[in-house]
Amino acid sequence: MRRLAAALIALLLGTLLIACREPAANDGVLRFGLANPPRNLDPRFATDAVSERINRLLYRRLVELDARSLPVPGLATWERLTPTHYRFRLGSQGREFSDGTRLGAEDVAATYRSILDPATGSPHRALLSIIRAIEVQGIDTIDFELARGDPLFPAYLGIGILPTPGIASGRSFAEDPIGSGPFRVTDRPGPGRLGLERRRDGQRIEFVTVKDPNVRAMKLLRGEIHLLQNDLSPELVDYLVSRPSVQVESRPGVNFSYLGFNMDDPVTGRVEVRRAIAHAVDRAALLRYLFRDRGRVAETLFPPDHWVGTDRLSGYAYDPALARSLLARAGD
């Protein structure tokens, strides 16, 4: 099998949130424009970014991740009794499902047992296969026994918790979700449209799929949708920034672009060739002219603010002369 090596991290783009200040018509519903619809509202099966984001509104999880992607308590706190034995205790917040029932340890166990069941076909099963046993110790306490020690294990438990009766009956959570998150699904007004309601105050949100980015931008300016996030070209972002009725907020993101080399190839398998290419690419110019400086040069797969990231790497400076020298040294 050919092996690919990430040889040059080129771009790390930012996250954008764009809002229209003055919608043309206000019926009390906030409309959020999406490039693609959510593929699955059952957290046991969701893998695409849109589904994951919407499911975070519908379901609560045992564990959340902080700004550095480190695990922090969600529904539960935890302690590591031994390297292979974790005990989770549910807190008092976020434990009412949208059907009025109360979330308990049995629901946690049923959710993760379902994921681990090969018959379920969950794509998350491989990551969680480290779990050897799940034991309910009471209404609020659940133990996980692992096949081997893994200090990162709590970070794996970021999947929304489902009610036990729905799992047992084979309920289609993808079509009819029940979670304990801050929102619940109210309706699907039409193709590519999904209605949610915030449970604490009844605020309604509608997600509207508009695949073409130009059309999404025009709908924003006309007040047909009120919010956009990402999936816009730098030119469109610059245009929206210039509009007085639009507010644009941005923050560093985690998307990146890179060059991959075939390490078995007789040419790109040579380190001098790979270094030459790295020094021949003007990454700052790519950021400036292709992405309007909406990004940053990256040296690793993880940004510096990630817990495994670092800002101590010097990287490959743009140096055409050095690139030519390295290629000459590599010869034919």
Side-chain angles (χ1 to χ4, degrees), residues 15-20 27-67 69 74-75 93-99 103 107 111 114-115 120-124 127 155-163 166-167 171-213 215-216 219-220 224-232 249 251 253-255:
T15 298
L16 297 171
L17 179 64
I18 302 175
C20 184
D27 57 1
V29 180
L30 291 176
R31 292 182 172 85
F32 201 118
L34 300 175
N36 296 289
R39 296 178 184 173
N40 204 311
L41 297 183
D42 187 329
R44 297 172 298 174
F45 302 102
T47 55
D48 64 291
V50 176
S51 297
E52 292 281 359
R53 290 169 182 165
I54 293 179
N55 283 343
R56 292 180 69 83
L57 302 176
L58 302 177
Y59 304 92
R60 295 193 188 271
R61 298 149 295 280
L62 289 182
V63 176
E64 302 287 353
L65 299 179
D66 66 11
S69 294
L75 280 168
Q93 301 298 315
R95 294 184 56 182
E96 182 181 345
F97 286 116
S98 58
D99 65 354
L103 186 154
D107 300 304
T111 298
S114 173
I115 292 170
T120 302
S122 171
H124 304 293
L127 178 65
Y156 304 161
L157 302 182
I159 296 174
I161 303 302
L162 306 170
I167 296 173
R171 183 190 185 98
S172 175
F173 291 100
E175 298 298 324
D176 191 12
I178 295 180
S180 64
F183 287 80
R184 66 180 183 88
V185 171
T186 56
D187 59 352
R188 289 177 167 83
R193 305 176 82 94
L194 176 68
L196 269 61
E197 180 183 76
R198 189 160 58 192
R199 295 169 62 188
R200 66 177 171 84
D201 61 5
Q203 172 64 58
R204 290 179 295 157
I205 294 180
E206 186 177 324
F207 292 97
V208 183
T209 301
V210 183
K211 292 185 177 294
D212 187 284
V215 176
R216 285 202 308 278
K219 285 181 174 292
L220 179 78
E224 295 179 27
I225 56 178
H226 310 129
L227 295 164
L228 300 176
Q229 186 177 21
N230 293 338
D231 296 312
L232 295 174
E249 296 183 2
R251 66 179 183 182
V254 296
N255 295 330

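The structure displayed is predicted, hence computed values, not measured ones.
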Looking only at atom types and distance, does a side-chain atom of R216 sit under 3.5 Å from a main-chain N or O of V210, one as donor and one as acceptor? yes
Residues in salt bridge (Lys or Arg N to Asp or Glu O under 4.0 Å) contact with R198, at least two apart in sequence or another chain: D201
Pairs where residues 192-213 contributes a residue and the test ring pair (Phe, Tyr, Trp, His ring centres under 6.0 Å) is met, not counting sequence neighbours: F32-F207
Salt bridge (charged side-chain N to carboxylate O under 4.0 Å, His left out) between E224 and R31, intermediate numbers included: CA-CA 7 Å; E224 295 179 27; R31 292 182 172 85; over 6 Å; no
Who pairs with F173 by ring pair (Phe, Tyr, Trp, His ring centres under 6.0 Å), at least two apart in sequence or on another chain? none
Sequence neighbours excluded, the answer for salt bridge (Lys or Arg N to Asp or Glu O under 4.0 Å) partners of D231 is none
How long is the span from the OG atom in S172 to the CG atom in L41, to the nearest 0.5 Å? 9.0 Å
With sequence neighbours excluded, residues passing side chain to side chain donor-acceptor pair (under 3.5 Å) with R39: none
Test item: H124 side-chain N/O and Y156 main-chain N/O as donor-acceptor pair under 3.5 Å: no
Minimum heavy-atom separation for N40 and A46, please, with both atom names. O-CB, 3.4 Å
Just checking, is any N or O donor in the side chain of R204 or T186 under 3.5 Å from an acceptor N or O on the other one? no
With sequence neighbours left out, what residues match D66 under side chain to side chain donor-acceptor pair (under 3.5 Å)? none
Mind running side-chain contact (heavy atoms from CB on, under 4.5 Å) on R61 and R56 for me, showing each step along the way? CA-CA 8 Å; R61 298 149 295 280; R56 292 180 69 83; 3.7 Å; yes
